[in-house]
Amino acid sequence: MSDAVVEVSAVFDTILVLDFGSQYSHLITRRLREFNVYAEMLPCTQKISELSWKPAGIILSGGPYSVYLEGSPHVDHDIFKLNVPILGICYGMQELAWINGKGVARGEKREYGPATLNVEDASCPLFKDVDHSKVWMSHGDKLHALPTGFKIVATSENSPFAAIAHETDSIFGIQFHPEVTHTEKGKQLLRNFAIDICKAQNNWTMENFIDTEIARIQKLVGPTAEVIGAVSGGVDSTVGAKIMHEAIGDRFHAIYVDNGVMRLNETEQVYKTLTEGLGINLTVVDASDLFLGRLKGVTDPEKKRKIIGNTFINVFEEEAAKIKPASGQEIEFLLQGTLYPDVIESISFKGPSQTIKTHHNVGGLLDNMKLKLIEPLRELFKDEVRHLGELMGVPHDLVWRHPFPGPGLAIRVLGEVTPAQVKIAREADAIFIAEIKAAGLYKQISQAFAALLPVRSVGVMGDQRTYEQVIALRAITTVDFMTADWFEFDYSFLKRVASRIVNEVDGVARVTYDITSKPPATVEWE
Ligand code: XMP
């Protein structure tokens, strides 16, 4: 549970999604928020008596288990005592049936794919404007009898119990998945549930969130305490810093560490944007010599990562110790840019035998510094952070910037990282990104960069034979960075970029374009 003194879920009407481990569970939360209803996901094992807020409604997700098998997860029956509407999806529906008569068994065959929904009871409010639409089925178990007290409200060719509803209470079960985009009217159905049936207010907007979150931070930090946080120039840390600044002004101290492997002009840009543009109290530390010194002679990617991570912690702690708050108080809090997907990852239900993972973005800092954590973005998805950034005046280019790895160009200079090698990678990267922006392609691409390969290749420049290095360009599209496709540029675009890099960057004789997807390759080369 969050560090919050006031839970966001206590302020906004909240639909509680209890997760039984389906790969689609987080999409339920996602869809509800798309029509401005706040939703929060907790593991299906959540004890209702331990909730500090009352949900407006409850959704039981799908899951990979069979309700009738020993060891399968079951929901706390206190959900029924809350007297709020309940919707069971797939396993969630089978769980409702199991509790009310046990009529669940393995189907003759697994049903996977589209089906057409026939609504048999047009008066059911869940199905307003949903009849005869395509729905997505993905289940092995099915109901073979109607649970006690329930009636059929919709069928499909293979599912006589495609949807059921309680005769008197607001309890519904559906066999299909409304959260996936293959279900044509899935969002409408979730909307019917959340807004019409649960009467949840659709007031979850970033405009409203700003005020709530600023008030929450002010209450948590109190009138005098001080907060520090690392900023990288990326959207999450910048938006986090901006919201802290709005809440507590100069009692928030941002620290930016120049590790010597940042992109071209990055440090200057970050300084300008955060101080002049956003008014944030920022210290820039030039630690490039220290980082590059420690990286000398190191070629193993994992060693590079470790050196950069540890050096970052050393520098950050040293700088933090130099900050002497005017109040005379010690610094009490550390800002961390945790986003909701990290939270979901740490709380989603992975099965009875698996322990639930904890998450730390800047592993190591907290343990050493004995600081309390403050996470203003922990309720937000990435697109919500971007929207918030735009609303708070963070420059558009920064809000939409591609992600950049913590170890920076050190994992894009393959082999040993030297200042000369970093310079080549940096200049090639700047040309590639500038051309992508000039061609209007930046937003279509999820991440693009130049990597410097540790090989030499023969070339010819004028009448001279050259023997210089190779740049590999990489541009990918992805939703979640777990899988990725390479971006299909026009040949003329690639020709222009290659020509500019070879002509303008000393030390490069050849340019290649990486056409490997992930998997089997990764996004980064190291
Ligand atoms: P890979 O190379 O694993 O990259 O396919 C997926 C995403 O993660 C980023 N990445 C990192 N980010 N520290 C980071 O903060 C790292 O060590 C790291 N390695 C990869 C990569 O840029 C891509 O967005």
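Just so you know, ligand 1 is whichever comes first in the structure, and atom 1 is the first atom listed for that ligand. This structure is a prediction, so every number in the text was calculated from the model and none was measured.
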Which ligand 1 atoms are under 4.0 Å away from a heavy-atom of T522? 1 (P), 2 (O), 5 (O)
Just do the salt bridge (charged side-chain N to carboxylate O under 4.0 Å, His left out) check on R401 and E266 with the steps written out, would you? CA-CA 12 Å; R401 204 163 191 199; E266 188 148 27; 3.2 Å; yes
Do you know the tightest heavy-atom contact between G229 and L335? CA-CB, 4.0 Å
Given D514, D429, D485, the one that forms salt bridge (Lys or Arg N to Asp or Glu O under 4.0 Å) with R474: D514
Logged contact type for R305 with ligand 1, heavy-atom cut-off 4.0 Å, is side chain
Checking the N or O distance criterion of under 3.5 Å, is ligand 1 in contact with F404? no
Give a yes-or-no answer on whether the side chains of Y271 and Q269 include a donor-acceptor pair shorter than 3.5 Å. no
Among all protein heavy atoms, pick the one closest to atom 13 (N) of ligand 1 and tell me residue, atom and distance. P407 CD, 3.3 Å
Taking all heavy atoms of Q218 and all of E246, pick out the closest pair and write down the distance. NE2-O, 4.5 Å
Please work out which of E524, K518, K306 has its closest non-hydrogen atom nearest to atom 6 (C) of ligand 1. K518
re atom 23 (C) of ligand 1, the protein heavy-atom contact at minimum distance is Q447 OE1, 3.2 Å
Quiz question for you: does at least one protein heavy atom lie closer than 4.0 Å to atom 8 (O) of ligand 1? no
What about Y513 and F489, are their ring centers closer than 6.0 Å? yes
Closest protein heavy atom (residue, atom, distance) for atom 4 (O) of ligand 1: V523 CB, 3.6 Å
Assess the residue pair R30 and E179 against the criterion (salt bridge (charged side-chain N to carboxylate O under 4.0 Å, His left out)); give the C-alpha distance rounded to whole Å, side-chain angles, the decisive distance to 0.1 Å, and a yes or no. CA-CA 8 Å; R30 195 50 289 199; E179 68 277 26; over 6 Å; no
G406 to ligand 1: N or O pair under 3.5 Å? yes
Identify the protein heavy atom lying closest to atom 11 (C) of ligand 1, giving its residue, its atom name and the separation to 0.1 Å. P405 CB, 3.5 Å
